[in-house]
*Asks:* 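One structure follows; several queries about it will come next.
On a predicted model such as this, the values are computed, not experimentally measured, just so you know. Every number for a ligand or one of its atoms is a count from 1 in the order of the listing.
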Amino acid sequence: MDIKALVSQMTLEEKAGLLSGDDFWHTKAVERLGIPRTMVSDGPHGLRKQDEEADHLGINDSIKAVCYPTACATAASFDPEMIREMGEAIGDSCQHEKLSVVLGPAVNIKRSPLCGRNFEYFSEDPYLAGAMATAIIKGIQSRNVGTSIKHFALNSQEHRRMSSSSDADERTIREIYFPAFEQAVKEAKPWTVMCSYNRINGVYASENPWLLTEVLRKEWGFDGYVVSDWGAVSDRVAGVAAGLDLEMPASGGVNDRKVAEAVRAGRLDEKLVDRACERILNIVYRYLENAKPDTPWDKEAQHAQAARIAAECMVLLKNEDGILPLDKADEIAFIGEFAAKPRFQGGGSSHINCFKTTSAAEAAQGLKVTYVPGYSVEKDEATDAMIAEAVAAAKKAKAAVVFAGLPDSYESEGYDRSHMRMPDCQNRLIEAVAAANPDTVVVLYNGSPVEMPWIGKVKGVLEAYLGGQAVGEATVRVLFGDVNPSGRLPETFPVKLEDNPSYLYYGGEGNVAEYREGVFVGYRYYDKKKMDVLFPFGYGLSYTTFAFSNLKISAGTIKDTDTLTVRATVTNTGNRAGKAVAQLYVGDDESTPIRPVRELKGFAKVELQPGESREVSFTLDKRAFAYWNRQIHDWHVETGDFTIEVGASSRDLPLKGTVKVESTVELPRHYTPDSIYLDIMADPKAAPVMQEFMKKTMEIFGHEEQDGTTEAAKEAVTEDMTLAMMKYMPLRGALSFGGGADSDKQMTELLKQLNGED
Ligand code: BGC
């Protein structure tokens with residue numbers, strides 16, 4: 001289809017009309033020209049396609065579909081290949097259902113455990129989030145349907161989500177909040193990007209030219225259409241100019257008219273309207289020309305796949321005395337309503353109408369498992385009678401498994417949590433059961449970290465996250481050892497909420513949320529502060545054990561334009577097959593900018609038989625060492641040594657090595673009378689010039705042996721002290737101490753030399 005030619009035939013009204021939805025879920029048709037409507041649907045972990053027969057407000061039932069594990073769980077798999085396959089299956093369902101775009105993945109950074117939507121997001125770490133997003137986008141789009149990576153950007157809270165401004169500095173945005181989008185846009189080329197509701201440093205994402213055009217298109221090469229989050233448009237005309245192509249849902253014609261009027265009044269260049277139309281139609285026809293509505297959608301097969309994936313995402317947090325796996329021959333008590341009615345997805349736009357669900361109690365049929373509810377989710381209570389029943393069941397059984405976590409109302413799209421606790425009734429139940437039977441295990445169904453006041457009293461904890469409709473099957477497989485758990489935490493579990501770096505500022509004041517902790521999000525903060533955490537980033541146990549050895553770094557010194565290969569051997573030292581996740585972190589030994597101790601820059605999941613060893617390999621390029629430099633507005637590597645660590649989690653890194661990276665980029669020199677000695681002397685080009693000058697200044701301070709210097713004067717200011725003071729002396733200071741009539745001239749001359757302007 002010649003899209004440009006098509007757009008050239010459209011009237012201004014038709015073009016302005018195309019820039020907003022026809023209803024909640026469709027792009028507009030232009031019947032005169034044979035342009036059909038296309039449908040989009042949520043996302044991200046399955047389809048929430050509203051029934052065509054239903055209303056047009058987007059609130060009625062959606063079709064029966066398959067709910068895969070949510071992003072908080074899939075990130076824990078550390079297995080992009082598997083997530084890609086999940087994407088392929090979702091892509092097939094889209095083709096079957098005639099959907100042009102599925103609205104996901106969501107890659108916002110988990111800044112605080114409180115964000116109501118954390119369950120839809122991958123991680124506190126941008127590298128992991130980027131890898132997972134890239135994988136799922138590639139999978140879905142391999143089926144010729146589009147994705148909409150969202151919510152671009154800095155949408156890490158639900159509180160006042162449509163009006164709040166996320167205020168962060170340039171380096172924080174580039175190092176923490178952009179990279180997941182950047183990697184996915186560059187590597188997986190999503191067909192569409194969804195801008196967020198919030199403002200960024202005061203400007204709505206939906207009308208932010210820097211965000212939507214400068215960064216997204218010019219820097220990262222995005223070539224699809226940008227769609228607004230549903231209702232995120234404030235000033236539509238500004239949005240068109242900024243690069244917001246499609247407004248969703250329908251604007252009732254109001255904004256279409258405003259766009260047409262702005263063009264007629266000369267306030268908006270018609271070319272910008274054409275540009276947005278072309279971008280939308282490119283995607284509309286990319287889908288239409290590849291539509292395959294006869295693609296089968298085998299829901300049972302997808303349910304089985306969802307169960308396999310859910311099992312791979314579970315994180316074994318505690319396993320004292322090898323309490324897990326349980327023995328199928330033993331009598332086990334399943335306690336807690338979540339065993340019969342699992343919580344496996346979150347509330348809001350991602351909520352899927354599942355064609356079936358399996359609970360752990362159902363999946364355990366045939367085993368010697370008894371079930372008692374223990375608490376009521378609906379009433380959020382555990383009566384004394386319920387607890388007594390649970391205690392009795394626990395006493396009778398060999399081991400007790402309490403199914404706990406967060407009820408729907410505790411975390412959802414649209415609002416944030418106000419604390420990090422589980423329901424009191426569940427905590428009370430766990431304490432009572434653990435007191436009745438020391439062999440107690442807790443299974444958690446939740447979308448983000450919780451405090452665990454009972455952690456010392458139970459022997460096992462399995463974090464299952466929100467694992468999709470088949471989570472019950474997956475839980476039973478892991479509990480009884482059919483699957484060896486291999487998930488790793490994609491986020492830190494702090495001991496208590498107050499430990500979280502955003503705690504003091506999260507949510508903001510009024511409509512301003514300052515991201516004051518800067519780049520120190522998650523483990524970047526806890527590691528720098530050497531703080532105890534409940535469970536660290538990257539952590540997770542297995543029913544076997546692994547050892548890391550034989551770190552090989554391909555070079556001792558590289559330039560920042562080179563790549564470095566790092567290899568390490570992982571060995572299964574236990575007696576069961578299992579999967580290890582080798583994690584690689586990089587830290588700058590000494591740096592001018594204040595940087596995290598270490599940052600994740602590679603990971604590899606490997607399956608190993610007992611006794612088997614395998615070498616894993618990582619390739620590091622400039623970005624693995626770089627920080628965002630505010631002076632050049634670009635990534636920069638400061639010449640120096642970097643520590644490379646490889647191991648099992650951010651706090652278990654037995655392998656360490658060093659590489660020196662040499663910068664090939666000379667930072668611009670801008671010395672002024674306010675520049676201080678310390679900075680000038682750190683610059684190899686300016687230092688010799690300065691040395692000459694210093695000699696003279698030292699003389700002024702009187703440390704050349706001079707007649708008449710008394711002992712008392714020497715004691716008052718020793719040479720070391722002079723040097724220490726000198727470090728912070730600005731040039732103007734030195735000149736004023738020793739200056740004479742020609743000090744201005746001297747300064748001009750010196751600056752010229754220092755700035756290399758001669
Ligand atoms: C959510 C998006 C979602 C959209 C459409 C919005 O409220 O923030 O994630 O895709 O609705 O349902």
*Asks:* With heavy-atom distances below 4.0 Å as the criterion, list the atoms of ligand 1 near Leu103.
*Replies:*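 Counting atoms of ligand 1 from 1, those under 4.0 Å from Leu103 are 10 (O).
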*Asks:* So is Phe24 in contact with ligand 1, going by heavy-atom distances below 4.0 Å?
*Replies:*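 The answer is no: ligand 1 sits nowhere under 4.0 Å from a heavy atom of Phe24.
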*Asks:* Output the list of atoms in ligand 1 that are nearer than 4.0 Å to some heavy atom of Lys150, sorted by atom number.
*Replies:*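 Under 4.0 Å from Lys150, ligand 1 has these atoms: 2 (C), 3 (C), 9 (O), 10 (O).
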*Asks:* Could you tell me, atom by atom, which parts of ligand 1 come under 4.0 Å of a heavy atom of Ser349?
*Replies:*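 Matching atoms, with element in brackets: 1 (C), 2 (C), 3 (C), 9 (O), 11 (O), 12 (O).
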*Asks:* Heavy-atom contacts under 4.0 Å between Glu158 and ligand 1: side chain, backbone, both, or neither?
*Replies:*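 Neither part.
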*Asks:* Heavy-atom distances under 4.0 Å are what count here, so tell me which part of Trp25 touches ligand 1: side chain, backbone, both or neither.
*Replies:*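 The answer is the side chain.
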*Asks:* Starting at CD1 of Ile63, measure out to CG of Asp51 and round the result to the nearest 0.5 Å.
*Replies:*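 The CG atom of Asp51 is 7.5 Å from CD1 of Ile63, to the nearest 0.5 Å.
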*Asks:* Would you call Arg343-Glu411 a salt bridge at under 4.0 Å N-O?
*Replies:*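 Yes, Arg343 and Glu411 are salt-bridged.
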*Asks:* For ligand 1, indicate whether the residue Met194 contacts it via side chain, backbone, both or neither (heavy-atom separation under 4.0 Å).
*Replies:*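 Within the 4.0 Å criterion, Met194 contacts ligand 1 through side-chain atoms alone.
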*Asks:* Give the residue, atom name and distance (to 0.1 Å) of the protein heavy atom nearest atom 4 (C) of ligand 1.
*Replies:*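 Closest protein heavy atom to atom 4 (C) of ligand 1: Asp229 OD1, 3.5 Å.
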*Asks:* To the nearest 0.5 Å, tell me how far Ser350 OG sits from Leu466 CG.
*Replies:*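 Rounded to the nearest 0.5 Å, the OG-CG separation comes out at 9.0 Å.
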*Asks:* Are the aromatic ring centres of Tyr285 and Trp191 under 6.0 angstrom apart?
*Replies:*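 No; Trp191 has its ring centre 6.0 Å or more from that of Tyr285.
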*Asks:* Should you measure from each heavy atom of Arg48, which atoms of ligand 1 turn up under 4.0 Å away?
*Replies:*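 The atoms of ligand 1 under 4.0 Å from a heavy atom of Arg48 are 12 (O).
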*Asks:* Can you list the atoms of ligand 1 that are under 4.0 Å from a heavy atom of Glu413?
*Replies:*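 Near Glu413, the atoms of ligand 1 are 1 (C), 6 (C), 7 (O), 8 (O).
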*Asks:* Do Lys299 and Trp297 meet the cation-pi criteria used here (NZ or CZ under 6.0 Å from the six-membered ring centre, within 45° of the axis)?
*Replies:*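 Because its charged atom sits under 6.0 Å from the ring centre and within 45° of the axis, Lys299 does stack over Trp297.
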*Asks:* Do Ser20 and Lys28 have a side chain donor and acceptor closer than 3.5 Å?
*Replies:*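 Yes - a donor-acceptor pair under 3.5 Å links their side chains.
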*Asks:* Checking a contact table here: which protein heavy atom is nearest atom 10 (O) of ligand 1, and how many Å away?
*Replies:*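 Going atom by atom, the protein heavy atom closest to atom 10 (O) of ligand 1 ends up being Asp42 OD1, 2.6 Å.
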*Asks:* Centre of Tyr506's six-membered ring, under 6.0 Å away, within 45 degrees of the axis: is that where NZ or CZ of Arg111 sits?
*Replies:*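 Cation-pi check for Arg111 and Tyr506: fails.
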*Asks:* Could you tell me whether some N/O pair between Glu120 and ligand 1 is separated by less than 3.5 angstrom?
*Replies:*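 Min N/O separation from ligand 1 is not below 3.5 Å for Glu120.
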*Asks:* What do you reckon, does Arg117 put a non-hydrogen atom under 4.0 Å from ligand 1?
*Replies:*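 Under 4.0 Å: yes for Arg117.
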*Asks:* Step through it carefully: locate the ring centre of Tyr523, locate the ring centre of Phe537, and say whether they are under 6.0 Å apart.
*Replies:*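 Centroid separation for Tyr523 and Phe537: below 6.0 Å.
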*Asks:* Here's one to test your reading of the geometry: is the NZ or CZ of Arg199 within 45 degrees of the ring axis of Tyr204 and under 6.0 Å from its centre?
*Replies:*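 Yes, Arg199 sits over the ring of Tyr204.
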